[in-house]
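Note that these values count all heavy atoms, side chains included, but never hydrogens, waters or copies made by symmetry. Source: prediction; values computed, not measured. Every chain is numbered from 1 and lettered A, B, ... according to where its sequence line falls, protein lines coming before strand lines.
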Number of protein chains: 2
Amino acid sequence: MQSIFLLNMAIDIVKILHRHDLRSTTARRLVLKVLVDGKKPLTHKQILQRIKEEYDSINLVSIYRIIQKFEELGIVHSHSRSGGFTLCSLIGDSGHHVLLSCEQCGKVEECMDKELCKKENEIAKENGFSPTSHLNEIIGVCESCQLCNT
Amino acid sequence: MQSIFLLNMAIDIVKILHRHDLRSTTARRLVLKVLVDGKKPLTHKQILQRIKEEYDSINLVSIYRIIQKFEELGIVHSHSRSGGFTLCSLIGDSGHHVLLSCEQCGKVEECMDKELCKKENEIAKENGFSPTSHLNEIIGVCESCQLCNT
DNA sequence: ATATTAAATGCAAAAAGTTTGCATGTAGCT
DNA sequence: AGCTACATGCAAACTTTTTGCATTTAATAT
């Protein structure tokens, strides 16, 4: 795999990797770049597709391993969903991940909410749990599908 | 498959099925009974195991189909989790499902919370979503594992 | 620059979960 | 009891995810 595109890759990407004591490999840079640019949760396959379209080909297995590593280090969250796929999203510092998934068009959006996070920590506490992370999914019908239905 | 145990099966089970216009088959009664008795989320395989242990053998495929049907009718929720398995739990009328899963011992508890439900509906509304259901998972360390760690 | 070494990747194949097609069996009804 | 539509079992397909091993590569020292 070549690294032609390394030059115009945001420096942050490499920084993030080094900050976590990760070797800055081409595959890792690409996965991270796609997640940053994507600005929304992606499945492993989608990550692969985007990398293929925009850059070069890498192996799906590597994406699994990279995501796993990123997750261990707290760089991404992966969220298993019914239907047999898993969404991966960057962990920001803006609070708590909530997935809004439309049961009609299948679109998945993501939003953040700090209050929800707080509330969940309370629930954890009430049950004797020491929380490390949360996952939320709200299933419903999105705005555009609601309009179509009328 | 015999129906020896049909006699001492709570009448509610059959009622629930009929209320949803479902044929009261042995397999469905067993799945429902195990979920009711279990009082906690179970995977498809766990449901199968319990049925095998306590009653008779049925096919895993049937469990998948039964759970799918139950889910369509709003009798159960299934919650995909990282690690490649899906938990099925009865939908009660006590509010909102929250899974508390311990990352050390793997134990999964379930609790209900109406406020969380309300908060999530607000979030959905803010994002133009018309919510139909929610899923929550709080990952952390349970009480007993915390004690072991000290 | 080159060599070294531990770590990361690619490939193939296995493993696990889930779905599908089809023949058979059964619940609910007459 | 017989009919019919629906449910189940079985085998096999399909999808996602994991694993083992040989090869390649990043980071470091020479």
For this session: May I ask you to verify if any side-chain N or O of Y64(B) is less than 4.0 angstrom from the OP1 or OP2 atom of dT19(C)?
Result: no

Exercise. Would one find a side-chain N or O of N59(A) under 4.0 angstrom from OP1 or OP2 of dC11(C)?
Worked result: yes

Seminar exercise, completed: Rounded to whole Å, the CG-P distance (L48(A) to dT16(D)) equals 12 Å

Problem set entry | Check ion pair K119(A)-E115(B) (N to O, under 4.0 angstrom) | yes

Seminar exercise, completed: Against the side chain of T26(A), the closest entry in dA7(D), dA26(D), dT18(D) is dA26(D)

For this session: Measure from the side-chain heavy atoms of I58(B) and tell me the nearest of dT19(C), dA8(C), dG9(D).
Result: dG9(D)

Exercise. Just to confirm, is there a sub-4.0 Å distance from OP1 or OP2 of dA27(C) to any side-chain nitrogen or oxygen of H18(B)?
Worked result: no

Seminar exercise, completed: The residue, T25(B) or L60(A), whose nearest nucleotide of DNA chain C is more 5′ is L60(A)

For this session: Compare the minimum distances between each of dA27(C), dT19(C), dT18(D) and the side chain of V61(B), then state the nucleotide with the smallest one.
Result: dT19(C)

For this session: Send over the distance from I66(A) CD1 to dA26(D) C1', rounded to a whole Å.
Result: 14 Å

For this session: Test for a donor-acceptor pair under 3.5 Å between the base of dA6(C) and the side chain of R23(A), counting only N and O atoms.
Result: yes

Exercise. For dT17(D), does OP1 or OP2 lie under 4.0 Å from any side-chain N or O of T86(A)?
Worked result: yes

For this session: Identify which one of L30(B), I67(B), I13(B) satisfies the side-chain contact (heavy atoms from CB on, under 4.5 Å) criterion when paired with L35(B).
Result: I67(B)

For this session: Name the closest nucleotide to the R65(B) side chain, picking from dA27(D), dG9(D), dA8(C).
Result: dG9(D)

For this session: Using five base pairs at each end, measure the axis-to-axis angle across the helix from dA1(C)-dT30(D) to dT30(C)-dA1(D) and round it to 10 degrees.
Result: 30°

Exercise. Distance only, no hydrogens: is a donor on one side chain within 3.5 Å (strictly under) of an acceptor on the other, for E71(A) and S78(A)?
Worked result: yes

For this session: Answer yes or no: does a side-chain N or O of H44(B) lie under 4.0 Å from OP1 or OP2 of dT18(C)?
Result: yes

Problem set entry | ring pair (Phe, Tyr, Trp, His ring centres under 6.0 Å) partners of residues 25-44 of chain B, not counting sequence neighbours, each pair once | H44(B)-Y64(B)

Exercise. Could you state the CG-P distance from L17(A) to dT25(D), rounded to the nearest angstrom?
Worked result: 18 Å

Exercise. Once you round it to whole Å, what is the distance between C1' of dT9(C) and CD1 of I51(A)?
Worked result: 13 Å

Exercise. Which residue pairs pass the salt bridge (charged side-chain N to carboxylate O under 4.0 Å, His left out) test when at least one of the two sits in residues 132-147 of chain B, sequence neighbours left out?
Worked result: R81(B)-E137(B)

Problem set entry | Length of the NZ-C1' vector between K45(B) and dG17(C), whole Å | 8 Å

For this session: Specify the separation, in whole Å, of atom CD1 of I63(B) and atom P of dT20(C).
Result: 18 Å

Exercise. Would you call E120(A)-K118(A) a salt bridge at under 4.0 Å N-O?
Worked result: no

Exercise. With a 3.5 Å cut-off and no angle check, do the side chains of S89(B) and E110(B) form a donor-acceptor pair?
Worked result: yes

For this session: Check whether any side-chain N or O of S62(B) sits under 4.0 Å from OP1 or OP2 of dG9(D), and answer yes or no.
Result: yes

Exercise. Tell me: NZ of K69(A) to P of dA26(D), nearest whole Å?
Worked result: 17 Å

For this session: Would you check, one step at a time, whether the test side chain to side chain contact (heavy atoms under 4.5 Å, CB included) holds for Q104(A) with C142(A)?
Result: CA-CA 8 Å; Q104(A) 282 188 29; C142(A) 74; over 6 Å; no

Exercise. Which whole-number value in Å describes the distance from K52(B) NZ to dG9(D) P?
Worked result: 11 Å

